[in-house]
There are 2 protein chains.
Amino acid sequence: MRPTVHDIAETAGVSLATVDRVLNDRPGVRGVTKAKVEAAIVSLGYVRDVAAANLAKSRVYPLVFILPEGDNPFMRGLEAEVRRAGLHSPAERTRLSVATVPAFDAGALVKAIDAAIMEDVSGIAAVVVDAPEVSAAIARAHAAGIPFVTLVSDLANSGRDHFVGVDNIAAGRTAGSLMGRFLGERPGAVAVLAGSMRVRDHRERLDGFHAAMPVTRTVLPVLEGQDDPDLSFSLISDCLAANPTLAGIYNLGAGNRGLIKALSARGRADLCVIAHELTAETRAALETGLVDAVLNQDAGHEVRSAIRVLRAKADGLPVISAQERIRLDIFIKDNLPAGPDEDEQPGAAGN
Amino acid sequence: MRPTVHDIAETAGVSLATVDRVLNDRPGVRGVTKAKVEAAIVSLGYVRDVAAANLAKSRVYPLVFILPEGDNPFMRGLEAEVRRAGLHSPAERTRLSVATVPAFDAGALVKAIDAAIMEDVSGIAAVVVDAPEVSAAIARAHAAGIPFVTLVSDLANSGRDHFVGVDNIAAGRTAGSLMGRFLGERPGAVAVLAGSMRVRDHRERLDGFHAAMPVTRTVLPVLEGQDDPDLSFSLISDCLAANPTLAGIYNLGAGNRGLIKALSARGRADLCVIAHELTAETRAALETGLVDAVLNQDAGHEVRSAIRVLRAKADGLPVISAQERIRLDIFIKDNLPAGPDEDEQPGAAGN
DNA sequence: AAATTTCTGATTTACGTACATCAAAAATTC
DNA sequence: GAATTTTTGATGTACGTAAATCAGAAATTT
């Protein structure tokens, strides 16, 4: 059997209480004794039984996820994953809650962050917009000793403890690279649809896309659809009308509904389309061939990663960064995972 | 606080012992009483505290992984992931061990399975070859009440409890589809390198590949390299020499080392190459452009899924199949995850 | 109605850790 | 060397569940 605190006490020649003091960093232990105990811990290869420890302390960690409201399918997917994780949360001694705020609204976001600070939660995860007052709110959380992770879109130099999301520059590069290969020698310009250049992840994707595009290929000025279906629809429709020889479209934002509507209205011809986030809409578009590839960040992975990081920070434990890196998935119609119908079961920390 | 067994006993108006009998399906409870208790469980929304339960029973689950030996990098990666998972295993009350057997050797595999049955392990996960005596051995494990999962390559109708791995037909289709798009209108035939047509996963990938290839594109007869670097090298070298207009190569097996050696000897020109399994070799080849895409099944996910499934089976719990589906990852040089150097930390059930 | 079987209750111990209390010992200060 | 402070020991309770025992109640059989 694996060693317990009792074994440590015995081999170190001290009492259980002293071992406990060393293990939990409580005061009242002489340096020499502490060293003895630590030596015993190492020699026995003791590892704390987290299950028993959690059971004993029966502490709960209230965590808050702050997400943009609206019908952005990816955000709703994130929310669903939080709720899904919430089903398991009692077992992990966490209590999850979701607060939604208007999209691209720094003021509302700040209010939600401050409310969470008031409630004295154990951690905050938020999809943030890039604004100085948001950075200030994050700093307040930090000052209050509340761990903060940014989700999906980062805000460096804000004092956030961690970023959970994909490398968006690499995502843009991947899109550009795939687009280049899919198009081959076929002539024609490429259009880019974004939500807003005011969020960092969209800017980064655009940068990566440009970097990966062959210089011989024209990239039209970016269209900002505010992640709004109607606006995206008209922007793309106009663009298609104005550029009859258009070869491809890259949608790096969430306006997939409008994009797909415009595409199906036009009839596809031979347009190469790459979009982000695997949702019911993009999945269907992949299957019908309206869209050629979808880049995805797994919402479930992100939520679980955020929870692990916040818990680790709350416990003062280190974060294993390699383990928390979120992969960028490429989907084409042939490697689509099972549909949402078969996928209703709660996910696990596992997969 | 969440309800406990005590709360159930109180609301159901029975004793703790009776609740325990119902919860753990022990005999000696009348149908009426059982119904009362179950009603209380539902109404209170009770969920067993797994941590406390595991702590109390302090049962350990010895699990055996049977893998092919040799320098197949993917198999060695699997083995590494098992060892990695083993670091966490005490916390999950499992004890993992690895047995290696000669590749493509049904007799040795059967011996290893029978040895595990003799040791009375709680579960077996194995990369199996397609042979009737293997099916018989799996049936013996089943008869002994030992859960069995097939890893990477399935063996249906063998009585295995579960298959952990990707859909290999879809994997072949994905390769074919990508190859078709990358090649575009470029003329030339396509070669396929496999390990052996005697393992099911290779046959399935080949089928999928053929199905996804445009009929206008010639696919040369499959080359069987036995996953051996030298044989693969000479097969590919000969093929390249004999087919100067070759447009692409699909390696659906593990002979990447030989393939890459042959490719770099030749100098790439404009060959489209798609391979399986992200290893140090294929990663380097992606980065240098020798290989265009790599299809991957995440070894860490597979190992953790196998462990979860075996534990669930050992406890008589249902398997949430949607959660245990292994995704097929597509990697191009732009979405490569962080390298193995930065990735040495133990993985988690999480990601 | 007695004898038997089947069910249920009450109680106890254990799992490994956290945490608190109080007494005793050792080290330090004056 | 006495007084004080710091360090250590001994002990107990708690977390939520598992599992065992034994006594008593209820149901069933004869």
Side-chain angles (χ1 to χ4, degrees), chain A residues 1-38 40-41 44-61 88-95 314-317, chain B residues 1-41 44-61 88-94 314-317:
Chain A
M1 288 306 289
R2 55 194 285 226
T4 73
V5 280
H6 297 84
D7 301 320
I8 300 176
E10 203 173 336
T11 40
V14 300
S15 79
L16 221 56
T18 304
V19 174
D20 180 67
R21 287 177 187 118
V22 173
L23 277 177
N24 295 294
D25 224 25
R26 280 186 251 279
V29 183
R30 234 185 335 161
V32 234
T33 331
K34 189 169 177 186
K36 262 201 308 190
V37 174
E38 276 161 353
I41 291 175
L44 289 177
Y46 169 84
V47 272
R48 184 196 245 104
D49 184 329
V50 243
N54 284 336
L55 179 58
K57 55 184 157 204
S58 73
R59 168 179 175 187
V60 289
Y61 301 78
H88 297 269
S89 65
E92 343 251 273
R93 318 250 164 228
T94 59
R95 192 175 45 235
D315 281 337
L317 299 174
Chain B
M1 288 307 288
R2 53 195 285 225
T4 74
V5 279
H6 296 85
D7 301 321
I8 299 176
E10 203 173 333
T11 39
V14 300
S15 78
L16 220 57
T18 303
V19 174
D20 181 66
R21 287 178 187 117
V22 173
L23 277 177
N24 295 293
D25 224 25
R26 280 185 251 279
V29 182
R30 229 178 345 152
V32 232
T33 329
K34 190 170 177 184
K36 261 199 308 188
V37 174
E38 276 162 353
I41 290 176
L44 289 177
Y46 168 84
V47 274
R48 187 196 241 102
D49 183 329
V50 241
N54 284 336
L55 179 59
K57 56 182 155 203
S58 75
R59 170 181 172 184
V60 288
Y61 301 78
H88 297 269
S89 66
E92 343 253 89
R93 317 251 165 226
T94 58
D315 281 336
L317 299 174

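Per chain, numbering begins at 1; letters A, B, ... match sequence-line order.
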Given atom [atom1] of [X] and atom [atom2] of [N], what is their separation to the nearest angstrom?
| X | N | atom1 | atom2 | result |
| --- | --- | --- | --- | --- |
| Tyr46(A) | dT17(C) | OH | P | 4 Å |
| Asp49(A) | dC15(D) | CG | P | 18 Å |
| Arg30(B) | dG24(D) | CZ | P | 19 Å |
| Arg26(B) | dT21(D) | CZ | C1' | 13 Å |
| Lys57(B) | dA18(D) | NZ | P | 6 Å |
| Leu55(A) | dC15(D) | CG | P | 9 Å |
| Asp25(A) | dT7(D) | CG | P | 14 Å |
| Leu16(B) | dA23(D) | CG | P | 20 Å |

* Looking only at non-hydrogen atoms, find the nearest pair between Thr11(A) and Ala40(A) and report the distance. =>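 So the minimum-distance heavy-atom pair works out to OG1-CB, 3.7 Å.
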* To do: Please name the pair of heavy atoms, one in Arg48(B) and one in Leu23(B), separated by the smallest distance, quoted to 0.1 Å.
  =>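 Closest heavy-atom pair between Arg48(B) and Leu23(B): NH2-O, 3.4 Å.
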Answer with base, sugar-phosphate or nothing: what part of the nucleic acid does [X] contact at a heavy-atom distance below 4.0 Å?
| X | value |
| --- | --- |
| Ala17(A) | base |
| Arg21(A) | base |
| Gly31(A) | nothing |

* Taking only the side-chain nitrogens and oxygens of Thr4(A), find out if one of them lies under 4.0 Å from OP1 or OP2 of dG16(C). =>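 For Thr4(A), the contact criterion (side-chain N or O under 4.0 Å from OP1 or OP2 of dG16(C)) is not met.
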* Can a side chain N or O of Arg48(B) be found less than 4.0 Å away from OP1 or OP2 on dA18(D)? ->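 Looking at the OP1 and OP2 atoms of dA18(D), one of them is under 4.0 Å from a side-chain N or O of Arg48(B).
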* **Straight-line distance of Glu10(B) CD to Ser15(B) OG, nearest 0.5 Å** =>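 If we round to the nearest 0.5 Å, Glu10(B):CD and Ser15(B):OG are 13.0 Å apart.
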* For the pair Arg2(A) (side chain) and Val47(A) (backbone), establish whether a donor and an acceptor sit closer than 3.5 Å, ignoring hydrogens and angles. =>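 Present.
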* Compare all side-chain heavy atoms of Leu44(A) with those of Ile8(A) and state whether any distance is below 4.5 angstrom. =>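 Yes, close enough: below the 4.5 Å cut-off.
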* To do: Select from Asp20(A) and Ser15(B) the residue whose nearest nucleotide in DNA chain C is closer to the 5' end of that strand.
  =>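 With Asp20(A) and Ser15(B) compared, the 5'-side residue is Ser15(B).
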